[in-house]
Amino acid sequence: MSQSSQHWIASAGQPLRGTLEIPGDKSVSHRAVMFAALADGTSTIDGFLEGEDTRSTAAIFERLGVRIETPTPSRRIVHGVGVDGLRAADGPLDCGNAGTGMRLLAGLLAGQAFDSVLVGDASLSKRPMRRVTVPLAEMGARIDTGADGTPPLRIHGGQALHGIDYTLPVASAQVKSALLLAGLYAHGETSITEPHPTRDYTERMLAAFGVDIEFSPGRARLRGGQRLRATDIAVPADFSSAAFFLVAASIVPGSELRLKAVGLNPRRTGLLHALRLMGADITEENPSTHGGEPVADLVVRHAPLRGVQVPEALVPDMIDEFPALFVAAACAEGPTVVTGAGELRVKESDRLAAMANGLRTLGLQVDETADGATIHPGQLHGGIIESLHDHRIAMSFSVAGQRADGQVRINEIATVATSFPGFDQLARGCGFALESPAA
Ligand code: S3P
């Protein structure tokens with residue numbers, strides 16, 4: 001695989017043209033395999049993301065005794081074992097780079113009769129887990145974290161969980177989902193309120209698996225003791241992966257790309273609103289639904305962008321898209337101001353620092369604050385970018401390179417395979433100048 005090369009060289013290429021199929025949604029793929037594993041009966045997942053993160057989750061369920069077949073790439077047939085059918089693994093469960101995998105599993109495994117240990121890679125091992133372990137402890141779970149509340153998570157099974165009425169201190173779909181999964185194993189009702197609505201895939205998909213769950217934006221409630229009924233899941237294309245191409249085509253003159261059947265769950269499309277505020281030319285065509293999720297082709301054409309103050313209300317709906325937004329802002333007319341986005345400091349890397357430092361390396365002025373930044377646009381130059389083993393930082397700078405007047409070398413690109421295997425081939429195919437020199 002070309003992504004085994006350890007760096008990319010990006011430079012200004014041609015106008016971007018073509019029709020692209022973006023791989024399956026990461027959030028949906030994680031949940032599909034988890035819920036199918038817990039269901040009674042056999043479920044087929046189509047469009048499963050063949051990324052390292054989601055494969056780690058599937059491998060964990062195999063270690064927990066679930067039979068999962070891969071008849072063709074992007075398809076999984078999951079032979080569910082029922083909510084009480086998982087069995088102890090013979091050692092630590094490796095979530096790889098995936099915060100979603102680890103946090104959701106923490107909730108799910110807290111309700112089992114057996115002990116489990118969750119570990120992750122160097123990046124995941126630095127990420128905060130108390131946001132899940134503290135409310136799970138309130139439900140009666142026993143989970144030990146490493147120093148500073150980081151992984152590994154040692155989960156003691158056999159605890160009697162009880163429901164909780166919990167208001168999340170930070171908007172987090174991962175925390176909400178962990179508590180709902182623990183809630184399935186709890187006595188009584190679990191009720192969650194969010195400071196701002198976050199992606200509701202857990203709620204929608206539990207309902208599709210036959211769970212009686214009440215939810216509306218910002219709220220979710222379920223009773224413990226319910227079973228899941230197998231169902232087939234069609235995973236839409238991942239908006240967060242599409243985001244790099246939305247920005248790239250917007251900033252490279254003469255570009256026009258069609259991104260096929262991209263998932264447009266309203267809790268994911270904040271970047272679409274932000275780019276349109278900036279003047280981007282993006283239209284939605286062939287709208288339909290795919291596995292209960294709204295999808296449409298996104299047609300994006302180059303357009304001059306202007307800097308904006310990103311509305312704080314959009315932040316949770318574009319939390320994974322800020323690296324891409326920073327690149328759009330770098331190529332706009334006038335500064336772009338981001339506030340209320342402190343969560344970016346605890347993603348796969350400190351994304352505020354990574355993007356600010358990287359854009360400075362390429363010659364721009366970026367003023368960083370505790371929870372945001374002001375990006376002053378200008379001509380991007382060549383330079384060496386440390387992506388800090390963060391997939392979205394690496395892909396964002398490959399986009400920035402398309403507007404640079406020199407070569408942008410992007411180091412530490414292997415983690416791109418966690419969310420977007422084949423990104424570089426797809427990018428080259430539509431006109432990116434992006435080399436993957438042999439390591
Ligand atoms: C995710 C939720 C978000 C997002 C992550 C995937 C999910 O994290 O950043 O990439 O699938 O629930 P938070 O819920 O922690 O903000």
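Remember, it's 1-based here, ligands and their atoms both numbered in the order they're listed. Quick caveat, the model's predicted, so the values are computed rather than measured.
At a 3.5 angstrom cut-off on N or O pairs, Arg31 counts as close to ligand 1. Of the polar atoms of Glu343, none of the N or O atoms is found under 3.5 Å from an N or O of ligand 1, judged by distance alone. Here's the thing with Ser27: one of its N/O atoms is less than 3.5 angstrom from an N/O atom of ligand 1.
Between the side chains of Thr54 and Ser29, no donor-acceptor pair of N or O atoms lies under 3.5 Å.
We find that Lys176 and Glu203 are joined by a salt bridge, their nearest charged nitrogen and carboxylate oxygen being less than 4.0 Å apart. Ion pairing between Arg345 and Glu343 fails under the 4.0 Å rule for side-chain N and carboxylate O.
If you look at Trp8 and Phe423, their ring centroids are closer than 6.0 Å.
When non-hydrogen atoms are compared, ligand 1 lies under 4.0 Å from the side chain of Arg199 (C-beta onward) but not from its backbone. Under 4.0 angstrom from ligand 1, the non-hydrogen atoms of Lys347 all belong to its side chain.
Near Ile319, with a cut-off below 4.0 Å to any heavy atom, the atoms of ligand 1 are 9 (O).
Scanning Ala98, Ala171, Ser172, Ser29 for the heavy atom closest to atom 15 (O) of ligand 1 points to Ser172.
Protein heavy atom in closest approach to atom 6 (C) of ligand 1: Thr100 OG1, 3.3 Å. Among protein heavy atoms, the minimum distance from atom 14 (O) of ligand 1 is reached at Ala173 N, 2.7 Å. In this structure, atom 10 (O) of ligand 1 lies nearest to the protein heavy atom Asp320 OD2, 2.8 Å.
Paired with Asn411 under the rule side chain to side chain donor-acceptor pair (under 3.5 Å), one option of Gln6, Glu386, His7, His389 passes, and it is Glu386.
Side-chain atoms of Arg63 come within 3.5 Å of backbone atoms of Pro92 as a donor-acceptor pair (strictly under, hydrogens ignored).
In this structure the side chain of Phe239 reaches within 4.5 angstrom of the side chain of Glu321, judged on heavy atoms.
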